[in-house]
Amino acid sequence: MSKKLIDTIQQIFEEQYQIQPNPADLTLQKTKKEFAGDYTFVVFPFVKTLRKAPPVLADEIGKQLMERIPEMVAEYNVVQGFLNISLQNFYWFQFLEEKNKDGVSLSFPTDNEVVVIEYSSPNTNKPLHLGHVRNNLLGAATANILSAVGKKVYRVNLVNDRGIHICKSMLAWEKFGNNSTPESTGIKGDHFVGDYYVEFDQQLKREIAEQMQRGVTEEDAIKCAPLLIQSQKMLKKWEEGDPEVRALWKKMNQWVYDGFEATYARMGIEFEKTYYESDTYLLGKKMVEKGVADGVFYRKEDGSVWADLTEEGLDEKLLLRADGTSVYMTQDLGTAQLRYDDFHPNRMIYVVGNEQNYHFDVLKLIATNKLKQSWGETIYHLSYGMVELPEGKMKSREGTVVDADDLMEEMHQEAKRSTEELGKNNLDEDQKEGLYEMIGIGALKYFILKVDPKKNMLFNPAESIDFNGNTGPFIQYTHARIKSLLRKAAQEEIDLSRDIDKNTPLEEAERGLIKIIKEYESVVQNAAHQLSPALVANYLFELSKEFNRFYQESPIFKATDPAIRVLRLQIAKLCASTIQAGMGLLGIQVPEQM
RNA sequence: GGACCCGUAGCCCAGUGGAUAAGGCGACGGCCUUCUAAGCCGUAGAUCGAGGGUUCGAAUCCCUCCGGGUCCGCCA
């Protein structure tokens, strides 16, 4: 319906004033709360060419609109150069009727775009932490949103399962593990392996300190530390395919995968395909070698291979070490090629922290300018900000990481504590646990997703994540509240499917809610365009807030007119399904009652 | 040395060239003889980091400066 308004305004400019307006200036915005009206048209851009005072022009256009489409425009008012247009109630009823039939199903034109989105990308030497949580949630929500607007989406994970850091935990387990296993100790596999990674670091520090006490300089102590040398030897053996090392590697990685699986399941994270660096780095190496043969890369005297990006305004980038082993960039080139061959996507989105902005600039440049790959242009780095603690950045080595499993469990307990404190317990034990999980995880997910992805965000463990105000539980609560209303309506056998008489009076609160519900589709579309789930989160808060106001002001079952009662129930129902759909995009479940 | 990102109330955060900068937390004051108070209403709190510029109009675009963060590893 706003399209028709714009078209009519355009006609007015063409026929009445003989000018061809710039489409960019022909936009409607929603009218601010302080003013009467539904949509606002700004006339300032036209006053110069038409040599009319803004209020005069706005008034003329308003009059024309009333004359041309009286069935649509009910009234208008002018404040300075702002033309505020109120639509006929008829239109809002019509929207309600339509939606009441189809629910909130999005009706986007089918889109043939194929998108591969990579997220999570863990290392197999330590458990997932808060940084991964943001990554996972952002990736999953973005994938859901893109899928909702009609794109074919493939979710993929890239596991960094090889390298010196993996060897370190392997070595530490071999030396200090006494053949213990996750089963024998009852420790979750990823945590079990992570503990040996920490153990390695501590033992290494001890070795270095010992040497330094004997007067060896720090630099030399590091160079000749037995643990380090052994881990390097182990990596070499791994690359040579040594059966024992490979067997150990497989065993320990499997422990980690079992652990990850549990974490992903609890977080609701899924993938269509998982890539392993151990499978892709060789392809990367091959591509680099071919690049050397083709003369687009060059080999230094020591045997290392480089890409020269000085013409592009960057520097020289290492692609293969002197000993022939691959680096991060090598592997990423291989993975990108493989991924392109697998899915032939129009876009390859990488959900990776903003500390890697430079890496992805380089990756894209090498793919397009050096290797002349058509997929180079499809690379898009969805770069997000760090999660910081009050004392600054999280650091694994200093033990200041917030563990993902611990955090989820704390959220569950916090939900339990909070629910019990409110004295809500008319559920059986299983249902209660399910509800606590829904609320706790919902609070965590919303907390992270509501902030603009590109911004750094603060997490303060001391003040646990809130359940009041702009939070997941607030929105879940709103949903539960509506469900309760609908149960009551069902009990009273009120028929919600019937159409409302379009002459029924429409109050401001009702009209306002319908208006917000109507925005849902464009919000999702915008979120897909900007790859920002935060837009959906903030919209849902606004919607819930508006509903609660309405709930307080307009008691449904006290309304004497049955038509008004049905009208309000229909609006409430639509509100609930919009919340459910929107929260679903964020990967957050909503309860029937809480 | 070079490059990128971010500065909005005590704290967190919205705002993608339009009206009097929107909310949340915290503070203070109201609202439960029941459609769920994890809610609603109200009060106090903002020279939108600073200065210039572009524009009818700038938190938003451009320039300079200040503050915070990140990257430019034969780590991933």
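Reminder, nothing fancy here: chain letters follow the sequence lines and each chain counts from 1.
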*Thinking salt bridges, do A:E507 and A:R568 make one under a 4.0 Å N-O criterion?*
yes

*asked:* Between B:G39 and B:A44, how many Å separate the two P atoms, rounded to a whole number?
replied: 23 Å

*A:M457 side chain: which of B:G39, B:C6, B:C13 is closest?*
B:C13

*asked:* Work out how far the P atom of B:G49 is from that of B:A58, and round it to whole angstrom.
replied: 15 Å

*Pairing of A:E508 and A:K515 as salt bridge, 4.0 angstrom limit*: no

*How many Å lie between CG on A:L486 and C1' on B:U36, as a whole number?*
13 Å

*Closest nucleotide among B:C40, B:C25, B:A37 to the A:D466 side chain*: B:C25

*asked:* side-chain hydrogen bond (donor to acceptor under 3.5 Å, both in side chains) for A:T40 and A:N84? Distances and angles first, verdict last.
replied: CA-CA 4 Å; A:T40 296; A:N84 301 319; 2.7 Å; yes

*A:Y477 ring over B:U36 six-membered base ring, under 5.5 Å and 30°*: no

_The side chain of A:R487 is closest to which nucleotide in this list: B:A38, B:G39, B:U36?_
B:U36

*Kindly say whether, by distance alone, the side chain of A:T471 makes a donor-acceptor pair under 3.5 Å with the base of B:A38?*
no

*Whole-Å C1' distance, B:G30 and B:C56*: 45 Å

_Return whichever of A:K488 or A:D25 has its heavy-atom-nearest nucleotide of RNA chain B closer to the 5' end._
A:D25

_Does the protein touch nucleotides 69-76 of chain B at the base, only the backbone, or not at all? Give it as B, S and - per nucleotide, heavy atoms under 4.0 Å._
SSSS-BSB

*A:F82 side chain: which of B:C56, B:C40, B:G18 is closest?*
B:G18

*How far, in whole Å, is B:C61 from B:A14 if one measures between their P atoms?*
15 Å

*Classify the side chain of A:K450 versus the base of B:A14 as yes if they form a donor-acceptor pair under 3.5 Å and no if they do not.*
no

*Could A:K450 and A:F541 be counted as a cation-pi pair, given that NZ or CZ must be under 6.0 Å from the ring centre and within 45° of the axis?*
no

*In whole angstrom, what separates A:N468's CG from B:A38's P?*
8 Å

*A:Y384: side-chain hydrogen bond (donor to acceptor under 3.5 Å, both in side chains) partners, not counting sequence neighbours*: A:N135

_Electrostatic pair A:E546:A:K33 at N-O distance under 4.0 angstrom_ = yes

_Suppose we define a pair by two distances each less than 3.5 Å, Watson-Crick or G-U wobble; what does B:G39 pair with here?_
B:C31

*Do A:F541 and the base of B:G24 stack face to face, with centres under 5.5 Å apart and an angle between planes under 30°?*
no

*Toward the 5' end of RNA chain B, which comes first, A:A415 or A:N470, by nearest nucleotide?*
A:N470

*Is the ring centre of A:F360 less than 6.0 Å from the ring centre of A:Y380?*
no

*B:A19, B:G23, B:C56: which one has an atom nearest the side-chain heavy atoms of A:K545?*
B:G23

*Give a yes or no on whether the backbone of A:I164 and the side-chain of A:W238 come within a donor-acceptor separation of less than 3.5 Å.*
no

*For B:C4 versus B:U64, give the span between their P atoms, rounded off to a whole number of Å.*
11 Å

*Closest to the A:F35 side chain: B:A19, B:A38, B:A37?*
B:A19

*Go through B:G18, B:A38, B:A14 for me and flag the one nearest to the A:V42 side chain.*
B:G18

*What is the distance, rounded to the nearest whole Å, between atom OH of A:Y39 and atom P of B:G18?*
18 Å

*Interatomic distance, A:F550 CZ vs B:C41 C1' [rounded to whole Å]*: 17 Å

*Any donor-acceptor N/O pair under 3.5 Å between B:A22 base and A:N538 side chain*: no

*Find the distance A:R417:CZ to B:A38:P and express it as a whole number of Å.*
14 Å

*Below 4.0 angstrom, N of the basic side chain to O of the carboxylate: do A:E414 and A:R417 qualify?*
yes

_Looking at A:K424 and B:U36, is any side-chain donor or acceptor paired with a base atom of the opposite kind under 3.5 Å?_
yes

*Can you tell me the pairing partner of B:G1 across any strand shown, Watson-Crick or G-U wobble, with both distances under 3.5 angstrom?*
B:C72

